[in-house]
Amino acid sequence: MTKVHQVLNAPADASSRDELESAVVRFAGDSGDGMQLTGGQFTEATALAGNDLATFPDFPAEIRAPVGTTFGVSSFQINFGARRIMTSGDDFDVLVAMNPAALKVEMPRLRKGGLVVIDTGTFNERNLAKAGYDTSPLEDGTLDPFRVISFDISGMTQEAVKEFDLSKKDALRCKNMWALGFVYWLFARPRKTTQEWLNAKFAKRPEIANANIAAMNAGHAMGETAELPAGVHGFHIAPAEIEPGLYRTVTGTEALAWGLVKGAELAALELMFASYPITPASPLLHSLAKLQHLGVTTFQAEDEIAAACAAIGASYSGAIGMTSSSGPGIALKGEAIGLALSAELPLIVVNSQRGGPSTGLPTKTEQSDLYQAVYGRNADAPLVVLSTRSASDCFEVGIEAVRLATKYMTPVMLLTDGYIANAAEPWRIPDLDSYEPFPVTFITEPEGFHPFLRDPETLARVWPKPGTPDMMHRIGGIERSYDTGHISYEADNHHKMTKVRAAKIDGIARDIPAQDVELGKTSGKLAVVGWGSTYGPINRAVDNLINRGKDVSHIHLRYIWPLPENLGELLNSYDTVLVPEMNNGQLVTLLKAEYLIDAKPLNKISGQPFKISEIEDAILDILEG
Amino acid sequence: MTKVHQVLNAPADASSRDELESAVVRFAGDSGDGMQLTGGQFTEATALAGNDLATFPDFPAEIRAPVGTTFGVSSFQINFGARRIMTSGDDFDVLVAMNPAALKVEMPRLRKGGLVVIDTGTFNERNLAKAGYDTSPLEDGTLDPFRVISFDISGMTQEAVKEFDLSKKDALRCKNMWALGFVYWLFARPRKTTQEWLNAKFAKRPEIANANIAAMNAGHAMGETAELPAGVHGFHIAPAEIEPGLYRTVTGTEALAWGLVKGAELAALELMFASYPITPASPLLHSLAKLQHLGVTTFQAEDEIAAACAAIGASYSGAIGMTSSSGPGIALKGEAIGLALSAELPLIVVNSQRGGPSTGLPTKTEQSDLYQAVYGRNADAPLVVLSTRSASDCFEVGIEAVRLATKYMTPVMLLTDGYIANAAEPWRIPDLDSYEPFPVTFITEPEGFHPFLRDPETLARVWPKPGTPDMMHRIGGIERSYDTGHISYEADNHHKMTKVRAAKIDGIARDIPAQDVELGKTSGKLAVVGWGSTYGPINRAVDNLINRGKDVSHIHLRYIWPLPENLGELLNSYDTVLVPEMNNGQLVTLLKAEYLIDAKPLNKISGQPFKISEIEDAILDILEG
Amino acid sequence: MNDLTPPEKRTAKDYATDQEVRWCPGCGDYAILRAVLNTLADIEADPANTVFVSGIGCAARFPYYVETYGFHTIHGRAPAFATGIKLANPELDVWVVGGDGDMLSIGGNHLMHVIRRNVDVQVLLFNNEIYGLTKGQASPTSRAGTRSPSTPLGSVDNPVSACVFVLGAGARFVARGIDSQQKDLPGILKRAHAHKGASFVEVLQNCIVYNDGVFADITEKAVAADRQVVCRHGEPLVFGKDGDKGIRLNTETLTLEAVDIGEDGPEAAGVLVHDETNRIMATMLAGMDDESLPVAVGVIYCDPGKSYGDGMAEMKAEAVKRSEGADLKSIMHAGHTWTVAD
Amino acid sequence: MNDLTPPEKRTAKDYATDQEVRWCPGCGDYAILRAVLNTLADIEADPANTVFVSGIGCAARFPYYVETYGFHTIHGRAPAFATGIKLANPELDVWVVGGDGDMLSIGGNHLMHVIRRNVDVQVLLFNNEIYGLTKGQASPTSRAGTRSPSTPLGSVDNPVSACVFVLGAGARFVARGIDSQQKDLPGILKRAHAHKGASFVEVLQNCIVYNDGVFADITEKAVAADRQVVCRHGEPLVFGKDGDKGIRLNTETLTLEAVDIGEDGPEAAGVLVHDETNRIMATMLAGMDDESLPVAVGVIYCDPGKSYGDGMAEMKAEAVKRSEGADLKSIMHAGHTWTVAD
Ligand SMILES: Cc1ncc(C[n+]2csc(CCOP(=O)(O)OP(=O)(O)O)c2C)c(N)n1
Ligand SMILES: Cc1ncc(C[n+]2csc(CCOP(=O)(O)OP(=O)(O)O)c2C)c(N)n1
Ligand code: SF4
Ligand code: SF4
Ligand SMILES: [Mg+2]
Ligand SMILES: [Mg+2]
């Protein structure tokens with residue numbers, strides 16, 4: 001163990017906490033250090049304290065990278081405050097670094113003057129070398145721009161849990177709770193939820209629960225008693241003004257799973273979810289697998305193709321078939337999706353986007369499957385594309401996907417991403433009874449029946465369900481006659497059917513809300529148009545600049561295809577349109593093609609969400625440059 | 001056998017043949033009637049006679065539909081003339097109908113006053129019923145708008161081949177040659193090539209060859225002697241003005257196979273072609289399988305995915321890997337293509353487009369995979385997209401595909417279609433020595449080597465070949481460091497690599513010819529922009545209207561992605577841009593997105609090529625409406 | 001079939017659609033269709049409750065000709081569609097039909113998985129040892145050296161045996177039939193239908209256009225008796241025109257061999273008694289492919305295990321039990337929640 | 001390894017790359033890597049001529065750690081890439097590495113086809129009976145009832161046996177090893193390498209994070225001798241700590257059973273002598289999976305046949321012979337041509 005390096009200048013005064021509007025905290029440690037759990041607990045406590053918040057779990061590609069390496073660092077970031085929180089935050093105010101590698105990786109984004117909490121117990125030569133430090137950052141001035149709070153957390157944890165007689169390994173496992181306890185103190189958060197959670201989690205091993213609680217309490221106590229750097233007295237962040245109601249935290253995956261289940265319920269259908277594991281899509285399969293008592297069947301297929309086919313088979317037999325994957329897996333489903341849309345069967349395809357192309361950056365987020373969603377199939381093959389903007393938004397979009405798929409007998413591609421899937425946010429639990437049901441009617445009348453009879457308004461074909469007497473029929477992927485539903489190779493019929501398939505999807509534009517403006521005026525100098533998980537940073541950036549008197553508006557698209565009917569007119573009412581995307585410019589292509597507007601791209605393809613400042617800069621460039 | 005119905009008004013006078021500029025002949029019969037062979041023979045003879053020509057084989061989806069049904073009709077169309085022939089023709093001047101079903105299916109497109117040659121021997125009640133005729137069209141006035149030449153071809157054929165002692169079945173099989181002989185007479189074509197061909201084909205069964213020849217001669221003799229309808233004296237079509245040189249007829253499939261082989265030779269690489277059968281792509285596999293003595297390896301994989309992967313594996317080991325399919329199969333290859341482009345390996349992907357979506361219309365042609373080619377993969381995944389416009393063009397495009405793939409270390413998607421693949425046209429055989437070689441240099445120098453070292457100009461990475469000493473390295477689909485080629489999850493590196501991959505492809509715009517104008521001025525009222533097999537009808541339509549003094553130009557794109565550097569400027573120099581496509585509007589979307597021009601679509605999605613008149617009408621609508 | 005009063009007892013004809021059949025005249029598929037229609041009549045299948053699912057190929061056209069529900073899907077994936085259909089509605093009686101290319105080339109993996117999961121469907125593989133629909137390329141069952149448009153000098157691949165392959169994948173019902181054997185085929189199909197779990201039936205089918213006569217050496221009248229052995233559970237594996245030959249296990253070499261049955265009968269000659277529940281015997285019988293041995297037909301293996309549907313049903317029941325009635329609302333309200341007051 | 005003068009004789013270390021190994025500490029993959037590196041040294045593999053190809057998964061990371069050529073491709077398709085590599089350059093020595101998900105779930109079909117074609121590659125399947133890289137879902141080899149994130153109440157699927165599956169696909173070399181058996185594994189790998197054609201090796205591998213100890217019941221020191229039988233060609237199939245047990249074929253039931261070897265030795269006890277060229281014996285041995293029998297390890301089957309590469313080479317030679325030197329030009333000029341004069 002290297003020499004403990006403590007900069008303890010002033011006594012902490014708990015009563016004179018600094019008032020903050022918001023703060024960004026990042027917990028960083030080795031993959032084995034439990035940073036995701038720590039962050040999750042802090043999130044719960046912070047939500048309970050009434051702050052608005054957003055989180056960003058950021059873990060390595062490896063299952064378990066070797067201990068102490070930089071590529072094994074696992075981090076969890078939370079932004080919380082007394083005002084509405086739109087992103088997980090740009091630079092951090094507080095960094096908890098459980099080892100040298102975590103410090104090395106994360107330090108560049110700690111803001112000048114920010115607080116860094118360090119476990120000096122891990123700053124030994126071996127770990128320093130693994131992290132690539134030649135000299136100890138604790139001693140060589142590296143940390144001068146920051147306010148450093150360093151404890152031998154490892155040692156103090158072992159001390160704190162001594163009475164429980166754990167192995168050294170088990171004892172050291174409690175150090176994340178020590179750190180959490182300290183950060184709880186720093187922000188005056190209650191420990192109760194974590195205590196309850198530990199008791200529940202380790203119900204069968206109470207000594208582990210108690211040791212963790214003891215460690216947490218010890219960390220908390222250290223906040224009360226230790227001498228902290230000048231000016232650090234702990235912080236106070238007032239509750240945010242939040243819509244009244246019952247709240248919980250939710251990840252995008254959970255909310256989406258529930259939304260899909262709710263959608264199926266509103267459609268009065270069984271839900272058959274078929275998928276094949278892939279990062280970051282698998283958690284949706286895991287979440288739904290736990291809901292099998294709610295009319296949900298989950299099926300882990302042999303591959304993505306089989307998953308799509310099984311889901312289509314399920315829709316064919318009268319359930320709502322769903323499948324999910326991320327980019328490479330969605331690519332594999334393309335042929336099957338073509339069958340669903342040509343046989344006009346409902347299908348939900350969830351795409352949890354990740355960095356590509358190919359295997360790419362599986363654990364990093366990206367918005368680069370819009371082309372694939374809108375255009376990525378052989379032939380003229382339009383379908384519905386929806387996008388979610390946040391964890392809580394997933395619930396609503398999940399329901400909407402089921403509504404459109406069943407009402408229009410069409411596949412719906414639902415674009416989410418790795419960030420949304422894993423991030424947690426506070427969510428006002430909706431009143432489940434407030435949703436209007438949209439039950440499916442299966443056709444049962446043999447008189448005049450053929451399987452491609454259409455609703456004259458929606459152009460949706462009828463849905464006949466196997467098992468129904470006297471409705472036997474055959475469908476498939478070969479073109480069928482508009483008039484009889486039988487196979488048809490007839491030239492004019494194919495033209496007509498292609499037009500009908502397109503018109504059906506285009507017509508959905510009349511059945512979705514007109515595009516509104518999130519922030520700012522409905523015309524003016526600049527509209528910033530976003531979709532998906534860039535919602536937060538765009539919204540905050542535009543908000544900031546409106547507050548600074550700038551003429552800028554925020555437009556956010558949930559409906560990618562078809563686009564809302566009024567969108568063209570709306571966009572034309574601005575001098576300039578800026579489209580920030582976490583890809584190399586995909587929505588911007590769509591908008592250009594559809595509306596012939598010279599929209600400007602703003603691209604970030606680094607697997608990391610936009611910083612608010614990056615978007616602000618781009619806006620200012622346009623408005624002022 | 002129904003009553004023979006002959007309208008023999010005037011004696012034929014071979015010396016006073018009518019002079020025609022061009023003619024469209026359609027041979028139509030049952031699938032078993034050998035219409036494709038008949039058409040092929042007529043094509044050869046016509047080419048030898050010095051006419052320009054274009055053909056359109058049109059066969060049923062079924063392998064062998066039941067005899068006599070309308071969906072079992074197989075047809076072959078040829079347009080030939082004394083001037084340049086751009087399409088296989090709109091309405092026909094001559095229809096050969098070997099049975100009632102053929103008459104039923106094809107009659108609607110026989111022009112008023114056109115000639116119909118009928119085998120009355122097949123017009124029995126059973127066949128009439130199968131074709132859906134209540135009364136015989138020979139007798140009920142149906143044929144009044146046409147000039148009818150009806151013989152009992154079946155009977156006369158049996159008569160003609162009597163001496164060869166064939167079974168009735170074999171004897172009747174000669175009736176297509178009888179019809180061919182008659183049409184040869186009609187257009188004063190020599191019979192020699194067919195005679196030679198029959199002798200070669202039935203070398204082991206000379207009695208069959210002789211019977212066929214006898215039937216052909218009998219049909220021919222009938223032209224000389226029979227009384228034909230008023231005004232039919234046979235026709236004369238003068239040779240076209242054709243560039244001097246050595247000619248042959250060629251299908252798109254043959255020319256493409258040879259072009260790919262020539263491309264590999266110019267690149268000094270072995271060619272590994274891996275594919276999985278699918279209509280209409282399979283013939284390319286068949287053609288290349290016959291060229292295995294030319295450094296070609298063909299591999300029929302277990303599916304399209306394996307085919308793509310095997311081709312990529314071949315490129316990885318230093319051959320030029322190629323794969324091919326049509327729409328649904330290309331969809332399956334999407335994930336693997338993503339690996340090729342992210343690992344930056346050369347690859348040729350030939351897409352013989354067909355009617356879709358899904359199984360669609362497998363035997364009908366369509367241009368609807370442009371979206372899939374340009375956008376149809378997960379993530380930001382640009383590659384090169386080329387298109388061929390005709391059978392003979394395939395040779396050049398095949399070479400160009402290999403040049404770009406190897407020079408830029410990138411997949412190239414080559415779009416052709418079922419029409420081009422099967423149609424034959426006369427082709428001036430190119431001088432194989434006139435092509436500039438572009439041999440690949442594999443890197444062999446270990447000093448400073450890493451697998452993602454780039455050429456600063458082309459941005460292509462180096463190509464290290466397994467088997468080379470001291471160049472061992474690993475590549476794959478995970479993002480790799482720009483600087484070392486090793487796996488990298490680093491945020492900024494991914495941004496940079498995405499940009500580099502895009503820049504590499506964009507830069508190819510500087511290495512391809514500037515876009516030229518096929519016909520008309522380089523600015524003006526209207527540019528008609530096409531790609532692929534619509535070349536012919538667009539060109540002829542524009543030509544016709546220019547001759548009528550209209551201000552219209554024809555622009556044809558070979559390079560779909562990247563687009564030629566000057567294209568935007570060029571298109572902006574016209575008041576209007578019209579984009580005829582055999583899809584629901586795909587190139588038009590691309591042009592709108594790239595150049596923000598309000599290009600007008602003209603779509604035909606019937607699996608049938610455009611008629612010249614359809615394009616003329618659309619042009620006139622714009623110019624005059 | 002759209003009349004509302006069900007007919008007394010349906011005949012084979014009642015199970016046929018009015019669609020024009022689009023196979024080549026003389027194709028073996030006609031005979032298989034006839035056998036299936038007869039089987040449906042025989043088992044009194046409820047058309048409304050029966051689904052035929054297929055991939056792409058000549059064989060895969062099958063559903064259009066059966067007056068039940070039908071889904072003509074995409075190439076190779078029919079087993080996956082069928083699995084989805086059964087998962088969504090376990091009550092449906094599902095038949096999967098496809099060719100050797102469909103099920104063993106592009107679709108080999110889905111076949112393997114539907115078999116190992118033991119999904120309760122009947123899988124009928126029409127093996128003509130060729131790609132019919134795409135005009136005659138070699139398939140994974142084509143014999144080595146097969147000349148075809150894609151293998152003009154003869155194929156280099158070793159063929160796979162459909163029955164041996166599915167046994168390797170864990171099949172619990174394996175049978176083989178021949179298109180032209182109208183007498184035996186319905187019996188085999190009936191057994192397949194009766195078996196709960198995935199039933200696999202290979203039907204040797206003549207493609208008259210692209211592979212005519214490929215099975216002639218075992219199906220021609222003159223040789224059939226000598227070249228086929230019919231597997232009947234509990235009966236000795238006897239064949240030959242006069243029943244004078246049998247299959248014997250050579251326990252030294254662990255191989256099967258043909259023996260002449262002497263006067264003392266099969267038992268004395270050591271002729272193997274067919275045990276359709278013995279996986280190893282089935283593997284040996286299914287694999288008989290050299291000239292010295294006949295080809296095994298009939299039910300080669302039948303040893304039922306728990307079907308996927310039953311497993312899923314049990315699991316779902318368990319899920320319901322464990323949930324203790326928790327509905328979506330209670331799940332969404334579980335864990336930490338807090339109220340923000342007005 | 002980038003020095004230009006080749007080292008005297010390479011050691012295992014010379015075959016290791018300088019890349020940081022990114023498996024979990026304690027993962028069985030480390031041991032397999034060690035065995036492979038030792039094998040490469042042992043067979044004096046030429047690094048420049050050796051290629052490791054893999055799909056995606058923890059196992060599929062393998063190529064990064066071997067100082068040869070390496071291609072980390074996409075999930076499930078490694079056998080197809082390997083086939084292409086061999087077709088383009090038959091001289092390369094190709095190893096294919098993947099996990100049970102990679103090769104038997106998404107990639108089952110490609111595995112089947114590389115095996116039946118008998119492409120001359122070594123296929124190493126690291127079977128940990130779980131999806132490691134995607135965090136622990138059940139795989140096609142997971143035992144029924146496996147609880148995992150995707151099967152919280154236990155999986156319903158029947159597992160497939162890798163070795164039995166490839167035998168069903170026509171494999172000609174099948175072996176099984178265990179990650180921790182550093183003594184035996186290189187020997188097996190060497191045999192696989194020596195076999196011309198597709199060699200299949202299943203390596204039982206412990207995933208310490210998601211499926212720890214799943215093979216403990218056969219690999220734990222205390223039970224290993226009783227729960228494993230090593231297949232050695234020509235030797236009796238004897239096992240047990242004191243070599244006191246053997247495998248016997250019950251010719252009545254056509255099943256294998258364990259017997260105690262009495263004083264009179266294995267032969268007297270009727271213990272089966274391993275014949276690695278016998279496909280049926282191999283199928284029985286590979287399939288031993290119930291408690292009463294040990295698990296077979298070692299070379300279970302080896303009966304070489306013509307490799308795909310050799311078949312292709314013959315075919316190409318024939319093509320060249322038949323072409324009689326026709327080049328592209330002569331082909332393009334063949335058939336009817338005509339001259340249009342100036
Ligand atoms: C994705 C895809 N690939 C290829 C094809 C082309 N294709 C249709 S059927 C078929 C194989 C037919 O052979 P088989 O399954 O044996 O059926 P058969 O026609 O012999 O009955 C192929 C390759 C297709 N329709 N879809
Ligand atoms: C097309 C595609 N589908 C899914 C995945 C996600 N994926 C990566 S590895 C893997 C399975 C890993 O299991 P296994 O092959 O057994 O290897 P292990 O990690 O256990 O060594 C999956 C599903 C992927 N990368 N690509
Ligand atoms: S091609 Fe062969 S399998 Fe297909 S319908 Fe014709 S005869 Fe039958
Ligand atoms: S997850 Fe399992 S298989 Fe993967 S590296 Fe870790 S221990 Fe090994
Ligand atoms: Mg077949
Ligand atoms: Mg595994």
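Here the structure is a predicted model, which is why all the values come from computation and not from measurement. Labels below follow one simple rule: chain letters A, B, ... track the order of the sequence lines, proteins then strands, and each chain is numbered from 1.
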Which portion of [X] sits near chain B, non-hydrogen atoms under 4.5 angstrom:
X      : result
C:P149 : both
C:V156 : neither
C:C58  : side chain

For [X] against [Y], the heavy-atom pair lying closest together:
X      : Y      : result
B:V296 : B:V261 : CG2-CG2, 3.8 Å
B:P362 : B:P280 : O-CD, 4.1 Å
B:A28  : B:E106 : CB-CG, 3.6 Å
B:A391 : B:A255 : O-CB, 3.1 Å

- C:V201 and its side chain to side chain contact (heavy atoms under 4.5 Å, CB included) partner, picked from C:V97, C:L124, C:V123: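 Exactly one option meets the side chain to side chain contact (heavy atoms under 4.5 Å, CB included) with C:V201, and it is C:L124.
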Write out all chain B-chain C donor-acceptor pairs shorter than 3.5 Å, or none if the list is empty.
{"residue": "B:E62", "atom": "OE2", "partner": "C:R22", "partner atom": "NH1", "Å": "3.2"}
{"residue": "B:E62", "atom": "OE2", "partner": "C:R61", "partner atom": "NH1", "Å": "3.1"}
{"residue": "B:Y276", "atom": "OH", "partner": "C:H75", "partner atom": "NE2", "Å": "2.8"}
{"residue": "B:Y276", "atom": "OH", "partner": "C:Y131", "partner atom": "OH", "Å": "3.2"}
{"residue": "B:H286", "atom": "NE2", "partner": "C:Q137", "partner atom": "NE2", "Å": "2.9"}
{"residue": "B:Q300", "atom": "OE1", "partner": "C:S150", "partner atom": "OG", "Å": "2.4"}
{"residue": "B:Q300", "atom": "NE2", "partner": "C:A138", "partner atom": "O", "Å": "2.7"}
{"residue": "B:E302", "atom": "O", "partner": "C:S105", "partner atom": "OG", "Å": "2.8"}
{"residue": "B:E302", "atom": "O", "partner": "C:I106", "partner atom": "N", "Å": "3.0"}

Under a 4.5 Å heavy-atom cut-off, does chain C meet the side chain of [X], its backbone, both or neither?
X      : answer
B:A301 : backbone
B:F71  : side chain
B:L288 : neither

- Give a yes or no answer on whether the side chain of B:R377 reaches the backbone of B:A373 with a donor-acceptor pair at less than 3.5 Å.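 Judged by distance alone, yes, a pair lies under 3.5 Å.
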- Task: Only counting residues at least two apart or in another chain, list the ones meeting side chain to side chain contact (heavy atoms under 4.5 Å, CB included) with B:A336.
- Result: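 Applying side chain to side chain contact (heavy atoms under 4.5 Å, CB included) to B:A336 gives B:A308, B:C309, B:I312, D:I74.
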- Query: Hey, does C:L104 have a side-chain heavy atom less than 4.5 Å from the side chain of C:F165?
  - Reply: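 Counting from C-beta outward, C:F165 and C:L104 do come under 4.5 Å.
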- Message: Pair B:F56, B:Y419 - check ring pair (Phe, Tyr, Trp, His ring centres under 6.0 Å), show working.
- Response: CA-CA 7 Å; B:F56 181 48; B:Y419 174 63; 5.1 Å; yes
